[in-house]
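Note that these values count all heavy atoms, side chains included, but never hydrogens, waters or copies made by symmetry. Order of the sequence lines fixes the chain letters, A, B, ..., with proteins taken first and strands second; residue numbering starts at 1 for each chain.
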Number of protein chains: 2
Amino acid sequence: MMTKPQRKNNPDAVRARLLECAARLIVDHGLPALTLENVAREAGVSKGGLLHHYPGKTALIDGLFEEVVDWFDARVEDVLESDENRQARFSRAYLRVVAAIDMSVPEEKRLAVLMLMLSSDPHYCARWNQWVEARLQRHAETDLTPIARTLRLAADGLWLSDLGGGPDSHTPVRREILAFLETLDATGARTSSRPHEGGQ
Amino acid sequence: MMTKPQRKNNPDAVRARLLECAARLIVDHGLPALTLENVAREAGVSKGGLLHHYPGKTALIDGLFEEVVDWFDARVEDVLESDENRQARFSRAYLRVVAAIDMSVPEEKRLAVLMLMLSSDPHYCARWNQWVEARLQRHAETDLTPIARTLRLAADGLWLSDLGGGPDSHTPVRREILAFLETLDATGARTSSRPHEGGQ
DNA sequence: TAAAACATACCGTCTGGACGGTTTTTATGC
DNA sequence: GCATAAAAACCGTCCAGACGGTATGTTTTA
């Protein structure tokens, strides 16, 4: 027997569905497709139902933003801990998480949402920068080198390419790039590993 | 005396002003600020006047897109030709152009528009990919290596960082990254320069 | 029975764009 | 040259639809 078969309403599931549908809408049809009506219809609730859970469009987007950031943060933390090499740990984890994203998996598509929100709204951009800089501060010993920064920069590029299906988003090419970047990481560690603080 | 002081109408100038104002509106206040009325007011014409030159909003955006791409293309071509080193010529030029962008110069701000359009609309994303792939095909001999791809990826990351004022957009850090990437370019050329075609 | 979880109906605003004018420029005939 | 017709440039108004949000119900859960 199921755990809760007699329960008709499941607000938590509805909220999750709302967020998921919002993400899918954005990724598949762009930001203008993110309307309250669309999200509600996709999630199988009425607009009133949606506004009950998220009192306004900004609340919905905020919820989506935080969920995606948390998801990304958790994955980075996970990859980070299972890495013995300390050199540029955070940035390498950052890159690996981005590289591991498979856009054909709807679950992972939602990260693309982040990219969209970042580039469109200065507000979320600032909040994202806050997250990055907090992590950068925590890993100041290992992730302030040019190599580390390059890894993250390349990750962002890969990320953007994924979003638009660019020439670098195809599996074989991407695999090669990744391999190169990991090599770069190893060699770069020897080349210039001095962490420099507070330039200027 | 001026060349054409007696001419009251100057449609070409109006069209240019329209595009410029559209770009500024997007960069300064985000995409939702791009309304026909706003653009028309900023450009000092009526909405009817705008619709005379660009029959519809999509036409306006299309015009803006093409102008910015052309601008970027011209600069890349320019940097490209004045580079004796053949290794990853196109990708290095791509990087240098992006790196040279000064967001405090309004003229160069408009490149940010491209980034916004790319990440928001799948349609323009495809058109951008078309451009990149065309250039990639033209420079197939030099720019299909992982290093070349990495340069462009990093450029995109830098670009995105510029748009949002991320931690890598500050001058000293950026300068360091750039220096590193140029070094990487030189060393990488020796490491693995074999062009591989048609993976899969 | 009170509150949470929904649905339905409705409203105000904004925006793209159609439409019919008016003025300016250009092309044409003489 | 010059009148004049035609085309291009431009303006102001109006409208239909979309969208965010409110207000008010109805059902389910605690």
Interatomic distance, [X] [atom1] vs [N] [atom2] [rounded to whole Å]:
X     : N      : atom1 : atom2 : answer
A:R41 : D:dG20 : CZ    : P     : 12 Å
A:L34 : D:dA18 : CG    : C1'   : 14 Å
A:R15 : C:dA4  : CZ    : C1'   : 10 Å
A:L51 : C:dA4  : CG    : P     : 17 Å
A:L18 : C:dA5  : CG    : C1'   : 13 Å
B:Y54 : C:dT15 : OH    : P     : 21 Å

Do the side chains of [Y] and [X] get nearer than 4.5 Å, heavy atoms only?
X      : Y      : value
B:D162 : B:R174 : yes
A:L136 : A:R149 : yes
A:R110 : A:V27  : no

Residues B:E20 and B:R24 bridged, charged N to O under 4.0 Å: yes
Between protein and nucleic acid, restricted to nucleotides 6-12 of chain C and to nitrogen or oxygen atoms under 3.5 Å apart, what atom pairs and distances do you find?
unit_1, atom_1, unit_2, atom_2, d
C:dC6, OP2, A:H53, NE2, 3.0
C:dA7, OP2, A:S46, N, 2.4
C:dA7, OP2, A:S46, OG, 2.7
C:dA7, O5', A:S46, OG, 3.3

Go through D:dG21, C:dT15, C:dA5 for me and flag the one nearest to the B:T35 side chain. C:dT15
Once you apply a heavy-atom cut-off of 4.0 Å, does A:L60 come out as touching a base, just sugar-phosphate, or nothing? nothing
Full working for ring-ring contact (aromatic ring centres under 6.0 Å, His included) between B:Y124 and B:W131: CA-CA 11 Å; B:Y124 294 109; B:W131 180 83; over 10 Å; no
Please report the C-alpha distance between B:D28 and B:K109 in whole Å, then the side-chain angles of each, then the deciding distance to 0.1 Å, and finally whether the salt bridge (Lys or Arg N to Asp or Glu O under 4.0 Å) criterion is met. CA-CA 9 Å; B:D28 291 347; B:K109 257 191 174 183; 3.1 Å; yes
